[in-house]
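In what follows, chains are A, B, ... by sequence order, proteins preceding strands, each numbered from 1.
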Protein chains: 2
Amino acid sequence: MLSDRQLLILQVIIDDFIRSAQPVGSRSLSKKDGIQYSSATIRNEMSDLEEMGFLEKTHTSSGRVPSEKGYRFYVDHLLSPQKLQQQDISLIHSIFADRIYEMERIVQRSAKILSELTNYTSIILGPNSQQNRVKKLQVVPLHDDTAIAIIVTDTGHVENRRFSLPKGTNADELEKMVRLLNDQLVGVPLMDLQDHIYKEIAILLRRHIANYDLMLQAFAEIMNIPVYDKLFFGGKMNMMNQPEFSDIDKLRLLMDMIETEESLYPLIRPAQGVGIQVKIGKENDNIAMENCSLITATFPIAGGQKGSLAILGPTRMEYSRVISLLNVLSMDLSKALSSLYFQSKDES
Amino acid sequence: MLSDRQLLILQVIIDDFIRSAQPVGSRSLSKKDGIQYSSATIRNEMSDLEEMGFLEKTHTSSGRVPSEKGYRFYVDHLLSPQKLQQQDISLIHSIFADRIYEMERIVQRSAKILSELTNYTSIILGPNSQQNRVKKLQVVPLHDDTAIAIIVTDTGHVENRRFSLPKGTNADELEKMVRLLNDQLVGVPLMDLQDHIYKEIAILLRRHIANYDLMLQAFAEIMNIPVYDKLFFGGKMNMMNQPEFSDIDKLRLLMDMIETEESLYPLIRPAQGVGIQVKIGKENDNIAMENCSLITATFPIAGGQKGSLAILGPTRMEYSRVISLLNVLSMDLSKALSSLYFQSKDES
DNA sequence: TGTTAGCACTCTATTTGAACGAGTGCTAAT
DNA sequence: ATTAGCACTCGTTCAAATAGAGTGCTAACA
C-alpha cells in the first residue's frame, strides 16, 4: 500500500515530531540526513500521506503532524526497537538490588524510577489481591465492644478492619468463633469470602455460637474486601512538562481523571493475556485522554496472577523507548513478585 | 494607629480583592455601599496605607492589592467571624452521620468534604502513631523462611511487615519468641520499640533462644516504624483553579512540593497547643508557598494526642470562612477520633 | 482643616497593520 | 518521475495607536 519512500518519510516525520513537538515541513525534512529527495517531492508524498489519513495539518499552510492513525501505523509497522542505554538498564535493575520483602516498596520504587526514566506518568497495578487466599484470620480485642480483625493472605497481604462486637460477647466465645472461622476460611480466595460467610459459616455458627446473627453480621462486614487494589503512581505531575498540556484546562481535565482512580482501572486492567498494549488517543475512550497514549505491559506472576505496568504520556510519546523500558521492567517485576509469592505457593 | 476610616477602607479592599482577585481602585471603592467618601479621599487614605506597608501596587498606576502585612493585620484585627450556612454545617456533620470504625475513612472523608467546601487543598494529619502503645504483636509464618509480623496498637492501628526468618527456625521457638516479645513489649509506645529491643529484649533473648542474634536483628528491623504518619489530602488539584497559579511554572513548583510529603510535615505539624494558626505567604518559609497561606487547626484527641487539619490556599484566601469551617470540623474530628481512641484508653 | 473636584500623567491591555518566515500547492521544466 | 520556481496562505512578531483604569497633585470648597 505505502511505497518505501512513503514509509521512510512517515517515519522520519513522526520521529521528528516526537522529539520537537513542532509541525514538520517539507524543506526541513529534505535537509535531513538519509533523505535525498527535494522538498517538492516530499511535499507531494506528504500530500498523499495526508490524503490517506496518516498526517494532518494544524492550519492550511503549516507543516505536518501525525494523526492518530499515523501513530497507530507507526507503532504497528515502523517501530524499531530502541536499544536502551546500559545506564538505564542498570538503573532498573538497581530497584531489585537489595532484597526487599514488601511488595509495596518494590512497586513504589518501580513507579518512581520508571517515571524518572521517561518523564511521563507511570501507573502500576499489582497482582489482584482478590485472588489471594486466606492464610490466617486473627482478632485482637481492643475494648469490651470493639476489636480489630486481621486477615493475612498466602501472599503476605494484610487486611485489617475495626469492628464492633455484639454486646456481652465474652472472650471465650470470640476465640471459639475465630477458631471456627479459621477452620473454614483458610485457603479460601478473598473474592469468595462473602459467599462462604453466608453459606457454610452461617449454618455452622448457628449451631455453636450464642448470639450468632449479630456476630455473623459483624464478620460479614469485615470480609467485605475492596475489589480494587491500590494503584501506584510515579511522576503524577510529569504531564505538566509536556507542551500539549501547557493549556491549563486540558491539564486539569487530565489531572482530575488521574486523581479519580476509579476511572483509571478499566484503562489499566490487563485485558487478557500478557505483553505490551498501546492505546493511542481516542482509543482510550476517555475525553481526558484525547492527547494521551497509554502503554500497558501486563506480566505474569507465579500462581496465575497478573500485574500491570502502564505509562501515560502524550500521543507524541517516545513509543520505542517506553516499550523497551516496560519490557525490561516488567520482566524484572515478574520475577521479583513471583519469588515473593512463590514461597507461599510451594508449601501448600 | 489606624483611623476608623482607614480600618474600614483596608477591610473593604481586602474583602474585595479576596473575591475578585483584581487590584482595587479608588473609584470603584467609592461607589461601594457603606463607603461615602469620594474617590480622592480614598486615594489619600490608600496612599497612607501603602506607606504603612499594608497595601501594594502592581505597577505605578494600578489599583491596590493587599501586602502580606496587610493580610496579617486583616487576619489579626479585621476578621469578622463568618456565619456558616446551615447547609455547610450539616455537610460537615454528615461525615460522622453513620458510625464509622476506621480512623482512615473518617479522615479521608473529612479531607474530601473540606476541599469541596472551600475549593482549596485540604491536608489532614491524624494523631501521631508513634505515641501509640503496643497492644499485641503477632507473627504469621508464610513459609519456611518468611513470616509476617503484625503489630496492633491500643488505638487499633495496625502495622505489618514481612521479614525473613533465620534458617532453621522452628515453629516452637518462633512462638516462644513471640510470647516473650509480647510480655515485654505490650504497653510500650511505638517510638520506644527500638530502644527496648536492644536493651531489655536482647538480654532476655540471649537466655532463652538458640540463634538469638539473627532473630533479634530481624525483629529490630520490623520494629522500625516510620516516624511520619500518612497525610490525607483533599482537592490536591484545586490550586489549579486559582488565578495566581495560571502560570504553569508556579503551579509546578507548588505541586511538586505537595507531592513530596516530607516538606509538608514541618508546615503541618502542630507547633504547640491547640487552636487555629494562620501562616501567610513567606511566613511559611518555603519558596513554593510564596503566594499561599496555610491555615492549620490543631485539635486535641483523648490521651494527650493531637491531630491537625490544614487548608492550603492562595494568600488571597477566604480566611474568615475557612477558619469557621476548620473550627467546626476540628471539633467534630476531635470528638470522633477521641471516642475511637477512648475505648481503648479506659480499659487499661 | 478635612474633603473633594479636576486634571495631567502613567501604565496595562487591546487592537491594528506591516513585515517576516515557514510552509503549501501547483505548474512547468528537466 | 522528479524538481525548481512561484504565488499564496497562515501564524508570529513587532511597533504604534488607542482606550481605560487608576494615581498623585493642586486648588477650591465647607
Side-chain angles (χ1 to χ4, degrees), chain A residues 1-10 12-17 19-32 34-67 70 243-244 246-247, chain B residues 1-10 12-17 19-67 70 243-244 246-247 316:
Chain A
M1 181 106 168
L2 289 184
S3 71
D4 282 357
R5 191 168 66 190
Q6 285 175 323
L7 291 177
L8 176 65
I9 289 176
L10 181 56
V12 175
I13 289 177
I14 298 185
D15 281 338
D16 193 80
F17 184 70
R19 247 181 309 113
S20 70
Q22 296 299 324
V24 185
S26 59
R27 201 173 128 72
S28 66
L29 246 198
S30 70
K31 280 189 290 194
K32 268 205 145 53
I35 305 279
Q36 63 277 56
Y37 315 103
S38 75
S39 64
T41 310
I42 293 173
R43 272 202 294 283
N44 290 329
E45 297 288 30
M46 278 175 152
S47 179
D48 291 351
L49 285 168
E50 181 176 3
E51 204 163 308
M52 288 184 270
F54 295 113
L55 296 178
E56 287 171 352
K57 282 189 283 193
T58 61
H59 57 89
T60 47
S61 73
S62 78
R64 300 306 207 291
V65 157
S67 67
E244 23 275 283
S246 60
D247 175 13
Chain B
M1 181 111 168
L2 289 185
S3 70
D4 282 356
R5 192 167 68 189
Q6 285 174 323
L7 291 178
L8 175 65
I9 289 175
L10 181 57
V12 175
I13 288 177
I14 297 186
D15 281 337
D16 192 80
F17 184 70
R19 246 182 305 114
S20 69
Q22 296 298 325
V24 185
S26 59
R27 200 173 128 72
S28 68
L29 247 198
S30 72
K31 279 190 290 194
K32 269 202 144 53
D33 295 356
I35 306 279
Q36 62 277 55
Y37 315 103
S38 75
S39 66
T41 309
I42 292 173
R43 271 201 294 285
N44 290 331
E45 297 288 29
M46 278 174 152
S47 179
D48 291 351
L49 285 168
E50 180 177 4
E51 205 164 307
M52 289 185 267
F54 295 113
L55 296 178
E56 285 170 353
K57 282 190 283 194
T58 61
H59 57 86
T60 48
S61 74
S62 77
R64 299 308 206 291
V65 157
S67 67
E244 22 275 284
S246 61
D247 175 11
R316 183 188 61 75

Figure out the [atom1]/[atom2] separation between [X] and [N], and round it to whole Å.
X: B/E45; N: C/dT3; atom1: CD; atom2: C1'; result: 11 Å
X: B/L55; N: D/dG22; atom1: CG; atom2: P; result: 14 Å
X: A/Q6; N: D/dT2; atom1: CD; atom2: P; result: 11 Å
X: A/Y37; N: D/dA4; atom1: OH; atom2: P; result: 15 Å
X: A/D48; N: D/dT2; atom1: CG; atom2: C1'; result: 14 Å
X: A/H59; N: D/dC8; atom1: NE2; atom2: P; result: 19 Å
X: B/I35; N: C/dT3; atom1: CD1; atom2: C1'; result: 15 Å
X: B/Q36; N: C/dT3; atom1: CD; atom2: P; result: 11 Å

>> Counting primed atoms plus P, OP1 and OP2 as sugar-phosphate and everything else as base, spell out the protein contacts along nucleotides 13-30 of chain C at 4.0 Å heavy-atom distance: B, S or - for each nucleotide, 5' to 3'.
In response: ----------BBBB----

>> Return the OG to NZ distance between A/S26 and A/K31, rounded to the nearest 0.5 Å.
In response: 10.5 Å

> To the nearest 0.5 Å, what is the distance between CG (B/L7) and CE (B/M1)?
Replying inline: 11.5 Å

> Residues two or more places apart in sequence or in another chain: which of them pass side-chain hydrogen bond (donor to acceptor under 3.5 Å, both in side chains) with B/K32?
Replying inline: B/D16

>> Just N and O in the side chain of A/T41: are any of them under 4.0 Å from OP1 or OP2 of D/dT3?
In response: yes

>> With a 4.0 Å cutoff (strictly under), does any side-chain N or O of A/R5 reach OP1 or OP2 of D/dT2?
In response: yes

What are the two closest non-hydrogen atoms of [X] and [Y], and how far apart are they?
X: A/S28; Y: A/G25; value: OG-O, 3.1 Å
X: B/I42; Y: B/Y37; value: CD1-O, 3.9 Å
X: A/L29; Y: A/V12; value: CD2-CG1, 3.3 Å

Please list, pair by pair, any protein nitrogen or oxygen found under 3.5 Å from a nitrogen or oxygen in nucleotides 28-30 of chain D.
none

>> Tell me the bend of the helix from C/dT1-D/dA30 to C/dT30-D/dA1 as the angle between end helix axes, each from five pairs, rounded to the nearest 10 degrees.
In response: 20°

>> Among residues at least two apart in sequence or on other chains, which ones pass salt bridge (Lys or Arg N to Asp or Glu O under 4.0 Å) with A/R43?
In response: none

> Pairs in or reaching into residues 45-54 of chain A: which pass salt bridge (charged side-chain N to carboxylate O under 4.0 Å, His left out), with residues at least two apart or in two chains?
Replying inline: A/R5-A/E45, A/E50-A/R64

> Is the backbone of B/F54 close enough, under 3.5 Å, to the side chain of B/S67 for a donor and an acceptor to pair up by distance?
Replying inline: yes

